[in-house]
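Along the sequence shown, residues carry numbers from 1. Each ligand, and each atom within it, is numbered from 1 in the order the structure gives.
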Amino acid sequence: MIVVIDGPAGSGKSTVARALGRREGLTYLDTGAMYRCVTLAALERGVDPSDACALGALARSVTIAFGPAAEPGGAPTVLLDGRDVTSAIRTAEVDSNVSAVSGVPAVREAMVAQQRAVGAAGDVVAEGRDMGTVVFPDADVKVFLSADAAARARRRTMEREGTDPRTPGAEVRDLALYERICRDILARDAGDEAHAVGALRCADDAVRLDSTSMTADEVVDAVASLVDGARERAAAEAAPKDAPEEAPKAEPEPAPASEAGEGAGKAAKSAKAAGGDAPMRPFHNTWDDYYDHGMAEFPLPSRMVYSAACAVVYGFTRLYWPWRFEDAEPLMEELERRDKGTVVVMNHVSMVEPVICVVMFWRHGLRIRPVFKKEFNRSDLTRWVFTRVGGIPVDRGTADLKAVRRAKRAIQRGESVLIYPEGTRIRDDDGTADIHGGFALIARMAKTDVTPMAVVGARDVTPEGKRLPRPHRVFFKVGRPLRFGALGVKGRREQLDAMERRAMDRVWELRAELRREHPGEW
Ligand SMILES: Nc1ncnc2c1ncn2[C@@H]1O[C@H](COP(=O)(O)OP(=O)(O)OP(=O)(O)O)[C@@H](O)[C@H]1O
Ligand SMILES: Nc1ccn([C@@H]2O[C@H](COP(=O)(O)O)[C@@H](O)[C@H]2O)c(=O)n1
């Protein structure tokens, strides 16, 4: 996924691109900082700003890199030949020379090559002046962000005065500074628009946004909706043979119960809904084959092992970690009746609860596929186990479209997916979670609902510092599925946000209820 944001100075490109990068898991690329680095190097080394040849050679010789931000949410650290120049490239002297330096074609050529190399790794949000026109003409999302010059100068002046321009009621104090900044911005824009190559220009296929009377959050939301739309289009294109959105009515009946003891179940609504992929072979399937196929299509030996293992684990867990699901029956009955699975989200305290969830669904003739972080695939043994239980790996550092598409197709086949939006195990009241919102996108793309669940008691199964699991009672509580249509919110992005909030609030409410019912449990 490549997202580009172009526009004049001070329109809010960096603010929006940084926030979007954090929210959507995209690498942020500040191309203005790269031209600023070349300008700083030229000023420091006394290279004449009108000597195009020397500037080109300089641009090719310097090494520009980005490091983590000094403070959370701040601008990334900029390194010029290994030296931290984050502040040095933002001086008035650099401001007034950068447009001339960046107008030199040989300088642009050197920078564009580096910018495309960053883009080649994928999942980038890049901001500058020529991202949509020259550097990434095939970007998935193109935005041209503008704002009137007075608003831009006002924001920049307040930034210099140490006031956050986004604070309601915040005003400029130094009018002379404001006027100078306004003149400088207009001069820089005029210089940037006059470049022979890579001039500041809106790409023909870019979406224009005017941020003059929008808050930064509103702009981020608007761009995020475009990203969602692009993801949905990409997923549809990448899976042209997907099942129709509503599962076909004349579905073949479930696989015979004789097949590894499977009950009646959605698990058998398989290959047809998967859309005619080549069937799996009895042996020698790839890891991807398991992720891409329905569990009912897994080779017979795998299904037999799965059912036998579920039977053993079911018996063992009932005895060793006596578990109880409250309010699960309505959900199980509904899933047995309907064609699509659901997205189950729950709190995460130990590795025991996904195992119990899998066997509980299995007991009802249903399948639930755990979405797991791809780091677990480092060990071949774990990878083997996760593929056989229908796990779907996700790269949590990026906007993992493949995982989203796999989960969507699983749901359309009648399988459910199990997601831990907290990402990591939260084992006490001080544990903070950074919620991964991908679950709402999956549910939306699969046109299904989100089912909140909660667990308590599992933490004491593997207390911190202890390696061997201990016997302990584990309690689950199942909420009613949440549907997008019932959220009372319009707009794609707003619905996704509302679903994320509503579902996680419900998970935490259910957990609180369980903790009240079982004091002292976590
Ligand atoms: N929609 C907005 N409303 C109010 N203030 C904003 C908005 N967007 C950004 N700002 C503020 O405006 C200032 C300039 O924003 P930013 O640095 O993101 O612009 P930019 O387009 O990247 O500028 P440049 O091209 O000069 O790097 C910052 O102080 C930022 O906090
Ligand atoms: N793609 C780009 C990005 C920037 N420039 C030039 O760099 C200057 C500084 O950019 P900021 O975003 O940090 O303000 C800008 O005024 C341009 O001259 C560019 O040419 N192409």
Which of the atoms of ligand 1 are close to Arg129, meaning less than 4.0 Å from one of its heavy atoms? 25 (O)
For ligand 1, the portion of Arg18 having any non-hydrogen atom under 4.0 Å away: neither
What residues form a side chain to side chain contact (heavy atoms under 4.5 Å, CB included) with Cys357, not counting sequence neighbours? Phe325, Met346, Leu418, Met453, Phe476
Is any side-chain heavy atom of Leu40 less than 4.5 Å from a side-chain heavy atom of Glu44? yes
Glu159 versus ligand 1: do any nitrogen or oxygen atoms come within less than 3.5 Å of each other? yes
Indicate yes or no: does an N/O atom of Ala216 lie under 3.5 Å from an N/O atom of ligand 1? yes
Among Met214, Arg152, Arg155, closest by any non-hydrogen atom to atom 4 (C) of ligand 1: Arg155
Salt bridge Glu509-Lys477, side-chain N to carboxylate O under 4.0 Å: no
Can you tell me if Arg154 has a non-hydrogen atom under 4.0 Å from ligand 1? no
Atoms in ligand 1 with a heavy atom of Pro8 nearer than 4.0 Å: 21 (O)
Using distance only, find each side-chain donor-acceptor pair of residues 109-116 under 3.5 Å and give its atom names and separation, not counting sequence neighbours.
unit_1	atom_1	unit_2	atom_2	d
Arg116	NE	Val135	O	3.0
Arg116	NH2	Val134	O	2.7

Pick, from Thr15, Asp6, Val16, Ile5, the option with the minimum heavy-atom distance to atom 18 (O) of ligand 1. Thr15
Any idea which of Gly32, Gly7, Ser14 brings a heavy atom closest to atom 22 (O) of ligand 1? Ser14
Check whether any heavy atom of Ala147 sits under 4.0 Å from an atom of ligand 1. no
Over 12 foreign heavy atoms within 6.0 Å of CD, Glu375: yes
Quick one: side chain to side chain contact (heavy atoms under 4.5 Å, CB included) partners of Ser225, sequence neighbours excluded? Arg493
Heavy atom to atom 17 (O) of ligand 1, shortest distance: which of Lys13, Arg156, Arg160, Glu218 holds it? Arg156
Look at atom 19 (O) of ligand 1 and say which protein heavy atom is nearest, naming residue and atom and giving the distance to 0.1 Å. Gly12 N, 3.1 Å
Mind checking what residues have non-hydrogen atoms under 4.0 angstrom from ligand 2? Thr31, Gly32, Tyr35, Arg36, Arg90, Val98, Ser99, Ser102, Arg108, Gly128, Arg129, Asp130, Met131, Arg188, Asp192, His195
Do any nitrogen or oxygen atoms of Val219 come within less than 3.5 Å of a nitrogen or oxygen of ligand 1? no
